[in-house]
> 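Quick one: the structure is below, questions incoming.
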Amino acid sequence: LGDVYKRQHQEMAELLGITLKQVMDFVMTMMVYTQGIGTLIASGIVKDTKENMYRMLHNTGMIYLKGLGVKDSTLCDLS
């Protein structure tokens with residue numbers, strides 16, 4: 001299973017034009033962010049629509065990738 005994830009992360013790195021380490025950091029950050037939002041929703045602290053939550057996750061991921069230097073054209077393809 002570890003080889004599958006490493007291969008997927010390497011493919012993401014090539015697609016995005018960033019390093020494998022940057023992809024791994026991005027994935028971990030987004031997992032933690034998603035878990036945090038899930039916890040806030042489950043505990044009733046955050047009450048919002050599913051669509052707004054998806055948009056928030058999407059926007060956060062895009063901003064993070066832009067900060068890593070992913071080209072605008074690639075970001076547009078991901079949107």
Side-chain angles (χ1 to χ4, degrees):
L1 193 60
D3 288 340
V4 171
Y5 286 127
K6 186 170 184 176
R7 209 170 27 254
Q8 287 175 341
H9 289 157
Q10 187 60 49
E11 289 174 10
M12 284 177 64
E14 292 169 11
L15 172 76
L16 297 171
I18 58 178
T19 68
L20 180 59
K21 182 181 180 337
Q22 287 173 312
V23 167
M24 292 170 63
D25 289 345
F26 169 72
V27 169
M28 183 59 68
T29 298
M30 291 306 295
M31 282 193 309
V32 169
Y33 186 78
T34 302
Q35 284 295 113
I37 288 178
T39 300
L40 292 170
I41 291 169
S43 65
I45 294 171
V46 171
K47 293 178 170 78
D48 207 338
T49 65
K50 227 188 308 188
E51 291 78 17
N52 283 341
M53 293 291 100
Y54 290 148
R55 188 173 17 263
M56 187 185 317
L57 287 169
H58 174 80
N59 291 343
T60 300
M62 298 299 273
I63 290 167
Y64 193 107
L65 290 173
K66 186 172 181 75
L68 291 176
V70 175
K71 294 178 184 174
D72 286 339
S73 59
T74 302
L75 293 174
C76 284
D77 291 342
L78 296 173
S79 289

> Rounded to the nearest 0.5 Å, how far apart are NE2 of His9 and CD of Gln22?
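Here the interatomic distance stands at 13.5 Å.
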
> Out of curiosity, does Tyr5 fall in the hydrophobic cluster containing Met30 (side-chain heavy atoms, cut-off under 4.5 Å, transitive links)?
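Different hydrophobic clusters.
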
> How far apart are the closest heavy atoms of Val27 and Met12, and which atoms are they?
CG2-CE, 4.2 Å

> Does atom CE of Met24 have more than 12 heavy-atom neighbours from other groups under 6.0 Å away?
no

> Using 4.0 Å as the upper bound for N to carboxylate O, is an ion pair formed by Arg7 and Asp3?
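Salt bridge between Asp3 and Arg7, a charged N being under 4.0 Å from a carboxylate O: no.
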
> First locate atom CG of Asp77, then atom CG of Asp72, and finally report the distance between them rounded to the nearest 0.5 Å.
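It comes to 11.0 Å.
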
> Hey, does Asp25 have a side-chain heavy atom less than 4.5 Å from the side chain of Leu68?
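SC-SC contact between Leu68 and Asp25 ruled out.
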
> Quick check on side-chain contact (heavy atoms from CB on, under 4.5 Å): which of Lys47, Lys50, Met53 does Ile41 satisfy it with?
Met53

> Could you grab the distance from atom CG of Leu57 to atom OG1 of Thr34, nearest 0.5 Å is fine?
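Leu57 CG to Thr34 OG1: 4.5 Å, rounded to 0.5 Å.
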
> Is any side-chain heavy atom of Leu20 less than 4.5 Å from a side-chain heavy atom of Lys6?
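SC-SC contact between Leu20 and Lys6 confirmed.
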
> Can you tell me how far apart OG1 (Thr49) and CE (Met56) are? Round to the nearest 0.5 Å.
9.0 Å

> Indicate the atoms forming the closest heavy-atom contact of Tyr33 with Thr60, along with that distance.
OH-OG1, 3.2 Å

> Indicate yes or no: at least one non-hydrogen side-chain atom of Ile37 is less than 4.5 angstrom from one of Val46.
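Not in contact.
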
> Taking all atoms of both residues into account, what is the closest heavy-atom pair of Leu15 and Thr74, and its distance?
O-CG2, 4.0 Å

